[in-house]
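See below for the structure under consideration.
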Amino acid sequence: MEVITKAPVSFTPTAVTELKRLMASEDIAKDQVLRIGVKGGGCSGMTYILVFDSPKENDLHFTQNEIPYIMDKAHEIYLSGIELDWEPGLNSRGFVFKNPNASSTCGCGSSFAV
């Protein structure tokens, strides 16, 4: 397990509150942690991954605001500098990725291009 001290992803206070609420849920297995990543697809070329998952051999491990999270080493280049926010509104409720490195994003905010 490789542990890096400088976390590439930061969380807003509202995201921290929601993530801690989710982590306390009985639906999350004790061996699972938050996984942040990317995959090909979406209207702009890449989409974000945000799930609770078991750590894998190639994962980097981070802690931000007392929230442990993992990401595949290969995804760090796409996620460095991103801020994860939580929007509690009725029309746009959910997590939002704010990526200063994206060359373009889609209207829904869940896909981007680099």
**Asked** So does Ile28 have more than 12 non-hydrogen atoms from other groups sitting under 6.0 Å from CD1?
**Response** yes
Spacing of [atom1] belonging to [X] relative to [atom2] belonging to [Y], to within rounding of 0.5 Å:
{"X": "Asn99", "Y": "Met46", "atom1": "CG", "atom2": "CE", "result": "10.0 Å"}
{"X": "Glu83", "Y": "Phe11", "atom1": "CD", "atom2": "CZ", "result": "10.5 Å"}
{"X": "Lys30", "Y": "Ser54", "atom1": "NZ", "atom2": "OG", "result": "13.5 Å"}
{"X": "Thr14", "Y": "Leu84", "atom1": "OG1", "atom2": "CG", "result": "8.5 Å"}
{"X": "Gln32", "Y": "Asp53", "atom1": "CD", "atom2": "CG", "result": "6.0 Å"}
{"X": "Ile67", "Y": "Glu18", "atom1": "CD1", "atom2": "CD", "result": "10.0 Å"}

**Asked** Can Arg35 and Asp59 be counted as an ion pair, charged N to O under 4.0 angstrom?
**Response** yes
**Prompt:** If you measure from the Lys or Arg side-chain nitrogens to the Asp or Glu carboxylate oxygens, is any gap between Asp72 and Lys56 under 4.0 Å?
**Reply:**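 Between Lys56 and Asp72 there is no salt bridge, as every charged N stays at least 4.0 Å from the carboxylate O atoms.
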**Message:** Taking the ring centre of each residue, are Tyr78 and Phe97 less than 6.0 Å apart?
**Reply:** no
Taking [Y]'s backbone N and O only, do any of them form a donor-acceptor pair with [X]'s side chain (distance below 3.5 Å, no angle check)?
{"X": "Thr63", "Y": "Glu66", "value": "no"}
{"X": "Thr17", "Y": "Pro13", "value": "yes"}
{"X": "His61", "Y": "Ile70", "value": "no"}

**Message:** As a quick check of understanding, evaluate side chain to side chain contact (heavy atoms under 4.5 Å, CB included) for Lys39 and Tyr48, giving each step before the final call.
**Reply:** CA-CA 6 Å; Lys39 66 179 180 178; Tyr48 298 104; over 6 Å; no
**Request:** Please check if Phe95 and Ile49 belong to a single hydrophobic cluster, counting links between Ile, Leu, Val, Met, Phe, Trp and Tyr side chain heavy atoms closer than 4.5 Å.
**Result:** no
**Asked** Is there a chain of hydrophobic side chains (I, L, V, M, F, W, Y, each step under 4.5 Å between heavy atoms) that links Leu19 to Val33?
**Response** no
**Asked** Where is the tightest heavy-atom contact between Pro88 and Arg93, given as atom of each residue plus distance?
**Response**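 Closest heavy-atom pair between Pro88 and Arg93: O-NH1, 3.5 Å.
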**Prompt:** Heavy atoms, side chains only, cut-off 4.5 Å: are Phe62 and Pro8 in contact?
**Reply:** yes
**Asked** Do the side chains of Lys98 and Asp85 get nearer than 4.5 Å, heavy atoms only?
**Response**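 Contact flag for Asp85/Lys98 side chains = yes.
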**Pair Val9-Gln64, side chain to side chain contact (heavy atoms under 4.5 Å, CB included): steps then yes or no** = CA-CA 8 Å; Val9 177; Gln64 180 71 22; over 6 Å; no
